[in-house]
Amino acid sequence: MDECVRPDPEELLRQARAGSNPALGELLELYRSYLALLARVQIGQRLQGKVDAADLVQDAFLEAHRHFAQFRGTAEGELVSWLRQILAGVLANLVRRFCRTRRRDVRLERQLAEDLDRSSRVLDQSLAAAGSTPSQRAARREQVVLLAEALERLPDAYREVIILHHLEGLNFPEVARRMGRSIDSVKNLWARGLAQLRRSLGSSS
């Protein structure tokens with residue numbers, strides 16, 4: 001949806017806290033791309049891509065709906081942090097199932113939450129790497145959320161090289177092997193992808 005006609009997330013949050021389920025659903029949708037990106041990194045590192053990030057995000061949204069009355073924040077940043085914690089719990093449950101462990105592992109949940117926070121910070125650093133900041137109107141939004149949305153709009157190859165290099169921390173030779181391309185090709189994709197990100201973020205108004 002175009003940023004200029006999108007409802008303010010904090011207004012949606014106020015409506016949701018007043019009991020509006022449609023507002024809560026619309027609010028959570030604003031973070032689908034962001035949570036899917038974080039989930040994708042953890043799936044690759046811990047589960048070798050055996051599950052779909054979209055399914056994890058849907059489970060996280062169900063948990064958010066179920067427990068929204070417990071959320072006490074009033075700002076978007078607080079909501080984003082809360083959603084990351086929920087996603088960490090969903091991921092921890094999935095890891096337990098794959099490891100055939102029934103007992104809850106609080107340390108695993110804490111580690112996953114820290115990993116998700118770290119990935120979110122890397123996203124923020126990627127915004128700086130793109131050489132751009134969101135427009136004045138968009139700056140009211142959480143920057144990492146805007147970046148995740150902008151990444152989703154990129155062509156597949158551009159998005160893949162940026163995720164592998166920035167979020168998964170692979171160097172260019174490793175990215176080239178993962179993508180089945182030459183190192184020069186990967187570097188060119190990376191440069192063009194960052195340039196397109198810069199344009200996309202600059203036009204978020």
Side-chain angles (χ1 to χ4, degrees), residues 1-9 28-58 60 76-77 80-81 83-84 87 91 115-205:
M1 186 182 298
D2 189 353
E3 184 71 27
C4 66
V5 298
R6 174 179 292 169
D8 177 62
L28 294 178
E29 280 299 320
L30 297 179
Y31 307 102
R32 185 177 292 277
S33 297
Y34 169 68
L35 294 176
L37 188 57
L38 297 184
R40 176 221 154 128
V41 174
Q42 290 302 314
I43 289 169
Q45 292 175 347
R46 295 175 179 273
L47 299 169
Q48 291 76 50
K50 293 179 180 177
V51 293
D52 189 340
D55 292 336
L56 290 181
V57 172
Q58 196 60 36
E76 185 182 25
V80 168
S81 178
L83 290 173
R84 282 200 307 269
L87 182 62
L91 280 162
D115 287 348
L116 290 171
D117 288 347
R118 189 178 306 112
S119 293
S120 190
R121 288 194 300 271
V122 170
L123 262 179
D124 214 7
Q125 293 163 5
S126 297
L127 186 72
S132 179
T133 56
S135 65
Q136 183 176 1
R137 184 185 184 101
R140 294 198 299 268
R141 299 288 314 281
E142 285 288 301
Q143 291 187 351
V144 290
V145 176
L146 294 174
L147 180 58
E149 293 173 353
L151 276 170
E152 188 175 41
R153 292 192 296 268
L154 290 179
D156 290 347
Y158 290 178
R159 180 173 61 253
E160 187 72 9
V161 71
I162 290 173
I163 290 173
L164 291 174
H165 185 55
H166 287 278
L167 275 175
E168 298 195 17
L170 303 184
N171 59 35
F172 284 123
E174 290 169 334
V175 174
R177 284 194 294 273
R178 181 80 69 87
M179 296 182 69
R181 293 175 177 266
S182 70
I183 295 175
D184 285 344
S185 172
V186 161
K187 288 181 177 179
N188 288 333
L189 286 172
W190 175 74
R192 291 197 296 268
L194 285 183
Q196 190 161 328
L197 257 189
R198 186 181 303 118
R199 291 192 297 272
S200 178
L201 290 166
S203 64
S204 295
S205 57

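The structure displayed is predicted, hence computed values, not measured ones.
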For Glu152, enumerate each residue passing the side chain to side chain contact (heavy atoms under 4.5 Å, CB included) test, keeping only those at least two apart in sequence or located in another chain.
-> Ser33

Could you tell me whether the side chain of Val186 reaches within less than 4.5 Å of the side chain of Ile183, counting heavy atoms only?
-> no

Salt bridge (Lys or Arg N to Asp or Glu O under 4.0 Å) partners for Arg181, two or more places apart | none

By salt bridge (Lys or Arg N to Asp or Glu O under 4.0 Å), which residues pair with Asp156, not counting sequence neighbours?
-> Arg159

Leu147 vs Val144, side-chain contact (heavy atoms from CB on, under 4.5 Å): CA-CA, chis, key distance, verdict = CA-CA 5 Å; Leu147 180 58; Val144 290; 5.6 Å; no

Flag the pair Arg192 / Pro155 as yes when at least one side-chain heavy-atom distance between them is below 4.5 Å, and no otherwise.
-> no

Describe, in one word, how the ring planes of His166 and Trp190 are oriented to each other, choosing from parallel (under 30°), tilted (30 to 60°) and perpendicular (over 60°).
-> parallel

Would you call Glu149 and Val145 a side-chain contact if the rule is heavy atoms closer than 4.5 Å?
-> yes

Can you list the residues that meet the side chain to side chain contact (heavy atoms under 4.5 Å, CB included) rule with Ala60, with sequence neighbours excluded?
-> Ile86, Leu87, Val90

Could you give the distance from CG (Leu35) to CG (Leu30), rounded to the nearest 0.5 Å?
-> 11.0 Å

Over all heavy atoms of both residues, which pair between Ile162 and Gly193 is shortest? Give the atoms and the distance, please.
-> CD1-C, 3.7 Å

Listing, residues 169-180 side-chain donor-acceptor contacts under 3.5 Å, not counting sequence neighbours, or none:
unit_1, atom_1, unit_2, atom_2, d
Asn171, OD1, Glu174, N, 2.9
Glu174, OE1, Asn171, N, 2.9

What distance do Tyr158 atom OH and Ile163 atom CD1 have between them, rounded to the nearest 0.5 Å?
-> 15.0 Å

Write down the atom of Ala53, the atom of Ala36, and the distance for their closest heavy-atom approach.
-> CB-O, 3.6 Å

Verdict with reasoning, Tyr34 to Arg84, per side-chain hydrogen bond (donor to acceptor under 3.5 Å, both in side chains) = CA-CA 10 Å; Tyr34 169 68; Arg84 282 200 307 269; 2.9 Å; yes

Gap between atom CZ of Arg199 and atom CG of Leu194 - 0.5 Å precision | 11.0 Å

Partners passing side-chain hydrogen bond (donor to acceptor under 3.5 Å, both in side chains) against Glu160 (at least two apart in sequence or in another chain) = Arg40

What distance do Leu189 atom CG and Leu154 atom CG have between them, rounded to the nearest 0.5 Å?
-> 11.0 Å

